[in-house]
Engineer: 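First the structure, which I've put down as structure tokens, then a few questions once you've had a look.
All heavy atoms count here, side chains included; hydrogens, waters and symmetry mates do not.
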Amino acid sequence: KEYPDYNYNWNYIVDQFKFKTDFREENSGKINVLMIMPWMTTGGADKFNLDLVNKLDHDRFNFTIVTTEPGVNNYKQLYSEDTVIYELPAFLDMKNWPAFINYLMNKRNINFVFATNSEFGYSTLPYIKSNYPEIPIIDYVHMEEWYNRNGGYSRDSSAVESVIDKTLTCNGNTTKIFVDHFKRNPNSVETVYIGVDENKYDPEKYNYEEQRAIFGLSKKYVIGFICRISEQKRPLLLLEIIKKLKENRNDFEFLIAGDGNLLEKMKSKANSMGLKENIKFIGNVLDTAPVYSASDLTINCSIKEGLALTSYESLSMGVPVISSDVGGQKELINDEVGIIVPLHQDEEDIREFKYSDEEIMEYVNGINKILDNLDEYKANCRKRILDGFTINQMVFRMNDIIEEIYNNPSEIVIKNGRGLSNNKSICKELITRYILSAEEKYLWECQEYNRYFGIVR
């Protein structure tokens, strides 16, 4: 049988599954973390997962990762070699996933669970808690998405808050929404900024002119656009901004790094708008530091963000940022290092590609302002990161939180888990309902995976 695959028969979720090589690993005295995530592909949330796992002390932590979405996991090989990884869509039918998680919980002596950005993960947390009520659970949420299930992972997290010891977010705005909108206990939610590796993203390690030559850039100014080319990032708005900017200056070039479902549409429209000489597409880039090194400014015109990793990286490289006023962007980008542009489009209209002239002009005016005062902005950028947004600061805080919850799990949450243990059928039904609701999306992801590898079925 070839995977990933979706087949319909979810009458019974499997609890136990006997594996031929079943053995229980010795208890090492470490915190053994089961981390449930969607995949390990290029993106800010996925980079956070990678950095967290690799940088926490492996003399204290063991990590077992399960992924729950079909995808090209190009970050997989970057995890430390002692990290155990299972891509569930690659070898199991979904009805067997809970049984395999039970297997891992016992085989790997799991004593801590960490869920992030996985719909299946959230659907299975009550089930895990019903089986292991003493084991603490935390989750990490990057943003709320009102266009996605009326809240996205923020709603998923809040739906099962009774089994979660603590919810962490990447920005203060999302934390506030958890408390104000989803009515979460303020003590159960905390902001932990993702941060950036300031040693890797160091402008002193790169030569501006050499990087410009490598990318074949010839204009006076270079503006970076580094992201997944999808509806959330509004790449077609960027084209309107470039067109308007070109009406009063032509000394710039946009360096666009990324891949996504709107990339071909963006390229085609750029050509039809006469913007070919002002745009260079370089595709998906794993090492983004050279892109920042070649840039004078980066732009983010997303309709939704938590707090974009590209903003951290850009500032660490000494490059100012213009960003839409979404998520926690203004918690990082102040007037000294960039410009925040008000959002003129409702989240629910994410697939509408019509943008107001006012919003377009605000980006154009922001670009002109920064380029006309470039040295002043650039002088402040890296200091902004060093003053409070480094990756090591994130790792230290995450270490403290995990240790604290591991040693002092919530008694209320333990009690809730014990209550669920008497009614596991409800927990299993929650997983079943997720699997049924995910059919269309999962089928599409399987098709995209197969298309990427040229597999015809």
Engineer: Would you please say whether a donor-acceptor pair under 3.5 Å links the side chains of Asn62 and Asn32?
Structural biologist: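 A pair is found: one side chain offers a donor N or O, the other an acceptor, under 3.5 Å apart.
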Engineer: Does the side chain of Asn185 come under 3.5 Å of the side chain of Glu161 through a donor N or O and an acceptor N or O?
Structural biologist: no
Engineer: Using the side-chain contact (heavy atoms from CB on, under 4.5 Å) rule, take Phe48 and Tyr140 through it: C-alpha gap first, then chi angles, then the decisive distance, then the call.
Structural biologist: CA-CA 10 Å; Phe48 165 77; Tyr140 194 98; 3.5 Å; yes
Engineer: Less than 4.5 Å apart, any side-chain heavy atom of Val321 and any of Ile339?
Structural biologist: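 No, too far: nothing below the 4.5 Å cut-off.
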Engineer: Where is the tightest heavy-atom contact between Pro409 and Ile414, given as atom of each residue plus distance?
Structural biologist: CG-CD1, 4.0 Å
Engineer: Is it true that the side chains of Tyr103 and Asn96 contain a donor and an acceptor less than 3.5 Å apart?
Structural biologist: no
Engineer: Give me the one residue out of Glu359, Arg234, Glu352 that meets side chain to side chain donor-acceptor pair (under 3.5 Å) with Gln345.
Structural biologist: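 The passing option is Arg234.
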Engineer: Distance alone, cut at 3.5 Å: any donor-acceptor contact between the side chains of Ser421 and Ser130?
Structural biologist: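 Checked: Ser421/Ser130 side chains show no N/O donor-acceptor pair below 3.5 Å.
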Engineer: Kindly assign one of parallel, tilted or perpendicular to the pair Phe63 and His58, based on the angle between their ring planes and the thresholds 30° and 60°.
Structural biologist: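 Rings of Phe63 and His58: tilted, 30 to 60°.
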Engineer: Testing Leu255, Asp296, Ile322, Leu297 one by one against Ile223 for a side-chain contact (heavy atoms from CB on, under 4.5 Å), which residue passes?
Structural biologist: Leu297
Engineer: Can you check whether Pro70 reaches Tyr442 side chain to side chain, under 4.5 Å on heavy atoms?
Structural biologist: yes
Engineer: Examine the side chains of Ser302 and Ser324 and answer whether a donor and an acceptor come within less than 3.5 Å of each other.
Structural biologist: no
Engineer: Treating Asn423 as the side-chain partner and Gly419 as the backbone partner, does any N or O pair qualify as donor plus acceptor under 3.5 Å?
Structural biologist: no
Engineer: Sequence neighbours left out, what pairs pass side chain to side chain donor-acceptor pair (under 3.5 Å) with at least one residue falling in residues 382-391?
Structural biologist: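 Every pair satisfying side chain to side chain donor-acceptor pair (under 3.5 Å) with a residue in residues 382-391: Ser316-Arg382, Lys383-Asp387, Thr390-Gln393.
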Engineer: So which heavy atom on Asp259 is nearest to which on Leu263, and how close?
Structural biologist: OD1-CD2, 3.4 Å
Engineer: Does a side chain donor of either Thr298 or Ser314 reach within less than 3.5 Å of an acceptor in the other side chain?
Structural biologist: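 A donor-acceptor contact under 3.5 Å links the two side chains.
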Engineer: If you look only at pairs with a residue in residues 301-311, which of them pass as a salt bridge (charged side-chain N to carboxylate O under 4.0 Å, His left out), with sequence neighbours excluded?
Structural biologist: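 Checked against salt bridge (charged side-chain N to carboxylate O under 4.0 Å, His left out) - neighbours excluded - the pairs reaching residues 301-311 are Glu144-Lys304, Lys233-Glu305, Lys304-Glu347.
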Engineer: If you look at every heavy atom in Cys301 and Phe225, which pair is closest and at what distance?
Structural biologist: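 Here Cys301 and Phe225 meet closest at SG-CE1, 4.0 Å.
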Engineer: Show your reasoning for whether salt bridge (charged side-chain N to carboxylate O under 4.0 Å, His left out) applies to Lys176 and Asp180.
Structural biologist: CA-CA 6 Å; Lys176 187 175 186 300; Asp180 293 348; 2.6 Å; yes
Engineer: Look at the aromatic rings of Phe100 and Phe91 and report parallel, tilted or perpendicular, splitting at 30° and 60°.
Structural biologist: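 Rings of Phe100 and Phe91: perpendicular, as their planes differ by over 60°.
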Engineer: According to salt bridge (charged side-chain N to carboxylate O under 4.0 Å, His left out), does anything in residues 62-84 pair up with another residue at least two apart or in another chain? List the pairs.
Structural biologist: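 Found Glu69-Lys441, Lys76-Glu87.
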Engineer: What are the two closest heavy atoms between Pro320 and Leu374, and how far apart are they?
Structural biologist: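 Minimum heavy-atom separation between Pro320 and Leu374: CG-CD1, 4.1 Å.
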Engineer: Do Lys30 and Asn109 get their side chains close enough for a donor-acceptor pair, meaning under 3.5 Å?
Structural biologist: no
Engineer: With no hydrogens and no angle check, do the side chains of Thr83 and Ser80 hold a donor and an acceptor under 3.5 Å apart?
Structural biologist: yes
Engineer: For residues Asp156 and Tyr434, is any side-chain donor paired with an opposing acceptor at under 3.5 Å?
Structural biologist: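 Looking only at side-chain atoms, Tyr434 and Asp156 do not form any donor-acceptor pair under 3.5 Å.
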Engineer: Answer with yes or no whether the side chains of Glu240 and Tyr355 bring together a donor and an acceptor at under 3.5 Å.
Structural biologist: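 No, no side-chain donor-acceptor contact under 3.5 Å.
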Engineer: Does a side chain donor of either Asp197 or Tyr312 reach within less than 3.5 Å of an acceptor in the other side chain?
Structural biologist: no
Engineer: Locate the shortest heavy-atom distance separating Ser157 from Asp139; write the atom from each residue and the value.
Structural biologist: OG-OD2, 2.7 Å
